[in-house]
Amino acid sequence: MVIRPYQDQDEASWLRCRVLSFLDTSYYDNVLKEKEHYQNPSIELVALEGNEVIGLIDIELENSPGDVCSKNRKGLGGMIWHVAVHPDYRRKGIGRYLLSEAIERARKYKIKRLEAWTRDDLWVQEWYGKMGFNWIESYLQVYIEGGRELKGTIESNISQLYPVFVFAHYSGLDKANIKNKFSRAHETNLYELLLNSGEGEA
């Protein structure tokens with residue numbers, strides 16, 4: 001296995017790795033047709049076996065506090081937008097190796113902390129905990145589908161335009177009611193790793 005910076009010719013393999021790694025998670029329908037690019041400096045690494053991407057990590061780095069990450073945290077941060085390992089290569093430490101290499105590169109940019117948002121997949125949350133991340137806060141990402149769920153929740157003010165699907169964020173306190181009302185409501189969690197602690201390294 002080789003870990004190196006992402007290159008343009010990796011895109012097709014990068015996309016395959018990402019979509020396959022998400023299929024058994026709550027992000028199963030979050031499919032990209034092309035790799036994202038970032039306005040700020042970024043760390044974009046891939047783990048390769050031969051020419052195939054088997055793991056990846058993308059971190060967008062802040063130029064000033066709060067321009068990418070949470071505004072109420074201290075110091076320059078980096079947002080982990082993507083971290084994934086091909087399902088055939090899990091439990092081999094690839095995610096840890098990618099994160100460790102990314103941390104070393106982030107420190108050169110004077111980044112003090114990393115943030116990551118993830119949904120309610122317990123095994124993913126446990127991985128962040130093992131890597132030294134701490135849970136900070138959460139909100140709900142809600143998918144509102146079909147007549148029963150939309151009725152009385154979402155209405156159109158445009159004639160003959162009928163909502164059939166809505167994606168929404170809920171940051172209120174009555175999460176139990178929202179989870180009971182809608183069939184797909186994901187607890188979406190913010191994790192933070194402080195880099196000056198030396199945590200999270202392989």
Side-chain angles (χ1 to χ4, degrees), residues 3 5-6 14 17-19 21-22 25-32 35-47 53 55-85 90 93-143 167-173 175 185-202:
I3 292 177
Y6 169 85
W14 188 98
C17 178
R18 182 184 179 278
V19 73
S21 73
F22 282 13
T25 76
S26 59
Y27 286 103
Y28 62 88
D29 53 353
N30 182 238
V31 177
L32 300 181
K35 188 183 182 301
E36 292 178 314
H37 300 283
Y38 306 102
Q39 294 182 350
N40 291 331
S42 62
I43 297 167
E44 302 169 53
L45 302 175
V46 292
V53 175
L56 58 97
I57 189 169
D58 277 18
I59 303 176
E60 185 177 7
L61 308 176
E62 292 189 319
N63 289 311
S64 58
D67 67 358
V68 175
C69 299
S70 303
K71 298 185 183 301
N72 59 346
R73 313 298 294 173
K74 293 182 179 180
L76 287 176
M79 177 63 72
I80 300 177
W81 290 119
H82 304 286
V83 58
V85 174
R90 288 177 183 162
I94 294 171
R96 177 185 291 271
Y97 290 133
L98 285 163
L99 178 62
S100 180
E101 178 64 24
I103 286 171
E104 289 306 307
R105 291 170 183 256
R107 285 191 172 124
K108 295 176 182 177
Y109 286 90
K110 309 300 182 186
I111 297 298
K112 299 299 183 185
R113 59 192 187 82
L114 298 180
E115 286 188 5
W117 287 94
T118 191
R119 286 182 179 167
D120 38 17
D121 299 293
L122 183 58
W123 64 275
V124 178
Q125 295 182 50
E126 289 176 346
W127 183 83
Y128 278 111
K130 290 176 182 177
M131 295 302 104
F133 285 76
N134 292 310
W135 183 91
I136 303 298
E137 61 181 338
S138 70
Y139 69 97
L140 294 182
Q141 291 185 344
V142 185
Y143 292 80
F167 175 66
H169 289 183
Y170 178 77
S171 57
L173 298 178
K175 292 181 180 179
H186 296 289
E187 192 87 32
T188 305
N189 301 276
L190 174 62
Y191 285 86
E192 179 186 62
L193 175 68
L194 301 179
L195 299 191
N196 58 5
S197 69
E199 295 180 62
E201 296 182 81

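As the structure is a computational prediction, the values presented were derived from the model and not from experiment.
- A distance-only check finds no donor-acceptor pair linking the side chain of E187 to the backbone of S138 [under 3.5 Å].
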| field | E126/K130 under salt bridge (charged side-chain N to carboxylate O under 4.0 Å, His left out): CA gap, chis, key distance, verdict | value | CA-CA 6 Å; E126 289 176 346; K130 290 176 182 177; 5.4 Å; no
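- When atom types are taken as modelled, the side chain of R96 and the backbone of M131 share no donor-acceptor pair closer than 3.5 angstrom.
- With rounding to the nearest 0.5 angstrom, the CG atom of L190 is 6.5 Å from the CE atom of M79.
- In this structure a side-chain-to-backbone donor-acceptor pair under 3.5 Å is missing from R113 to E192.
- Sorted by first and then second residue, the salt bridge (Lys or Arg N to Asp or Glu O under 4.0 Å) pairs involving residues 37-46 (not counting sequence neighbours) are K35-E44.
- Y109 OH to L195 CG: the interatomic distance, rounded to the nearest 0.5 Å, is 14.0 Å.
- In plain terms, the two heavy atoms of G66 and K71 that are nearest each other are O-NZ, 2.9 Å.
- With 3.5 Å as the limit, one finds no donor-acceptor pair spanning the side chains of E137 and Y139.
- A heavy-atom distance below 4.5 Å is not found between the side chains of L61 and L76.
- Atom CG of L99 sits about 8.5 Å away from atom OH of Y128, to the nearest 0.5 Å.
- Within a 6.0 Å radius of CH2 in W81, no more than 12 heavy atoms belonging to other residues, nucleotides or ligands are found.
- R18 pairs in a side-chain contact (heavy atoms from CB on, under 4.5 Å) with only one of the listed residues (N30, V53, D58, V83), which is N30.
- Checking side-chain atoms of T25 against main-chain N and O of Y27 turns up a donor-acceptor pair under 3.5 Å.
- Looking at heavy atoms from C-beta onward, W127 lies out of side-chain contact with V85 at the 4.5 angstrom threshold.
- With hydrogens and angles disregarded, a donor-acceptor distance shorter than 3.5 Å links the side chain of E115 to the backbone of S70.
- Residues R73 and I136 have side chains in contact (heavy-atom distance under 4.5 Å, counting atoms from C-beta outward).
- Taking the centre of each ring, Y143 and F167 come in below the 6.0 Å mark.
- In this structure, the side chain of R90 engages the main chain of S21 through a donor-acceptor pair within 3.5 Å.
- I59 contributes atom CD1, which lies 10.5 Å from atom CZ of R105 (distance to the nearest 0.5 angstrom).
- Checked by atom type and distance alone, the side chain of E62 pairs as donor or acceptor with a backbone atom of V68 at under 3.5 Å.
- Side-chain contact check for W14 versus V46: some heavy-atom pair is nearer than 4.5 Å.
- In this structure, Y170 and L173 approach most closely via the heavy-atom pair OH-N, 3.5 Å.
- For the pair A185 and D120, the tightest heavy-atom approach, listed with the atom from each and the gap, is O-OD2, 4.0 Å.
- Of all heavy-atom pairs between N189 and R119, the closest is ND2-O, 3.6 Å.
- Nearest approach of G77 to I111, heavy atoms of both residues: O-CD1, 3.5 Å.
- Put simply, the side chain of N40 does not reach to within 4.5 Å of the side chain of Y38, judged on heavy atoms.
- The structure places CD1 of I57 at 8.0 Å from CD1 of I43, a figure rounded to the nearest 0.5 Å.
- The line from CG of L56 to CG of L98 is 7.5 Å long, rounded to the nearest 0.5 Å.
- Q125 and Y191 share a side-chain donor-acceptor pair at under 3.5 Å.
- Heavy-atom minimum distance, P65 versus G75: CB-O, 3.9 Å.
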